[in-house]
Amino acid sequence: LWDFNLIVCNPPYIRTGDLATLDPSVRNYEPMLALDGGEDGLDFSRIIAKKWKAALRRTGTLLFEVGYDQAEDVAAILSQCGYHNISRRADYNGILRGVEATL
C-alpha cells in the first residue's frame with residue numbers, strides 16, 4: 001500500500017461516440033487512449049476511484065478533471081466508492097470541471 005496525501009488525475013473522459021466530433025487539432029494529434037473514456041466517458045473515473053483508493057492515506061484526497069457535464073456523475077462514483085467531503089470545482093467560465101473527495 002502506498003501513502004499519498006493527494007492524487008490528481010486527468011483521465012480520458014470523452015464519450016466514444018463524441019470522438020469523431022472533436023476538433024481536428026485534438027482528434028488528429030492526441031492518442032485515442034488519452035481521449036476515449038468509453039461509452040459514457042466515465043470508464044477511467046470508475047477504475048481510478050476503486051483501484052487507487054488503497055494508495056491514499058486515510059484522509060487523502062483524490063482530484064479529477066472531468067468533462068463539462070460529468071461532475072455529478074463522477075461525484076456519485078466517488079460516493080459509491082466510499083469517499084467523503086465530495087466537492088465540485090468550476091473553471092474560469094463557471095463550468096464544473098473538477099471533482100475532489102477525501103477518504
Side-chain angles (χ1 to χ4, degrees):
L1 295 179
W2 297 334
D3 201 22
F4 290 107
N5 290 317
L6 174 67
I7 296 174
V8 179
C9 57
N10 179 8
Y13 55 74
I14 299 171
R15 292 170 185 84
T16 301
D18 293 341
L19 292 170
T21 66
L22 291 175
D23 187 275
S25 67
V26 175
R27 185 181 65 236
N28 295 339
Y29 297 99
E30 294 291 333
M32 282 299 126
L33 182 62
L35 301 172
D36 191 349
E39 184 177 337
D40 65 357
L42 301 172
D43 287 357
F44 287 89
S45 295
R46 287 185 191 92
I47 293 167
I48 292 165
K50 289 177 189 171
K51 302 243 180 203
W52 282 88
K53 191 173 178 180
L56 284 170
R57 286 185 177 191
R58 186 174 168 110
T59 57
T61 298
L62 180 57
L63 175 62
F64 282 95
E65 179 178 340
V66 299
Y68 72 95
D69 62 349
Q70 296 173 333
E72 294 307 318
D73 291 331
V74 172
I77 290 167
L78 290 165
S79 179
Q80 291 165 4
C81 289
Y83 291 85
H84 305 282
N85 303 320
I86 300 168
S87 60
R88 296 117 183 111
R89 304 285 182 208
D91 64 14
Y92 290 117
N93 293 315
I95 299 168
L96 295 175
R97 294 299 307 263
V99 179
E100 73 176 86
T102 58
L103 282 178

Check your understanding: Could you go step by step and tell me if Glu100 and Arg89 meet the side-chain contact (heavy atoms from CB on, under 4.5 Å) rule?
Key -> CA-CA 8 Å; Glu100 73 176 86; Arg89 304 285 182 208; 3.0 Å; yes
Donor-acceptor check, side chain of [X] to backbone of [Y], threshold 3.5 angstrom: yes or no?
X: Lys50; Y: Cys81; result: no
X: Thr16; Y: Gly38; result: yes
X: Arg27; Y: Leu22; result: yes
X: Asp91; Y: Asn93; result: yes

Pairwise distance [atom1]([X]) to [atom2]([Y]) - rounded to 0.5 angstrom:
X: Trp52; Y: Cys9; atom1: CH2; atom2: SG; result: 9.5 Å
X: Ile7; Y: Leu56; atom1: CD1; atom2: CG; result: 4.0 Å
X: Leu63; Y: Asn10; atom1: CG; atom2: CG; result: 10.0 Å
X: Ser45; Y: Leu78; atom1: OG; atom2: CG; result: 8.0 Å
X: Leu6; Y: Thr61; atom1: CG; atom2: OG1; result: 6.0 Å
X: Asp23; Y: Asn28; atom1: CG; atom2: CG; result: 9.0 Å

So which atom in [X] and which in [Y] form the shortest heavy-atom distance, rounded to 0.1 Å?
X: Pro24; Y: Tyr29; result: O-CD1, 3.8 Å
X: Asp36; Y: Phe44; result: O-CE1, 3.5 Å
X: Ile48; Y: Pro11; result: CD1-CB, 3.8 Å
X: Ala101; Y: Ile86; result: CB-CG1, 3.6 Å

Taking the side chain as every heavy atom from C-beta outward, state whether [X] and [Y] have any atom pair closer than 4.5 Å.
X: Met32; Y: Leu19; answer: yes
X: Glu30; Y: Ile14; answer: no
X: His84; Y: Leu103; answer: no
X: Arg57; Y: Phe4; answer: no
X: Asp43; Y: Asp40; answer: yes
X: Gln70; Y: Arg97; answer: no
X: Tyr83; Y: Leu62; answer: yes
X: Val99; Y: Ser87; answer: no

Check your understanding: So, Glu72 and Arg88, do they make that salt bridge, N to O below 4.0 Å?
Key ->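 Yes, this pair counts.
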Point to revise | Hydrophobic cluster identity match, Leu35 and Val74, side-chain contacts under 4.5 Å | key: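 The answer is no; the residues belong to distinct hydrophobic clusters.
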Practice item. Quick one: do Thr102 and Thr59 satisfy side-chain contact (heavy atoms from CB on, under 4.5 Å)? Show the steps, please. Key: CA-CA 6 Å; Thr102 58; Thr59 57; 5.8 Å; no
Practice item. For Glu65 and Tyr13, test the side chains for any donor-to-acceptor distance below 3.5 angstrom and give the result as yes or no. Key: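 Their side chains do contain a donor-acceptor pair, which is all the 3.5 Å distance test asks for.
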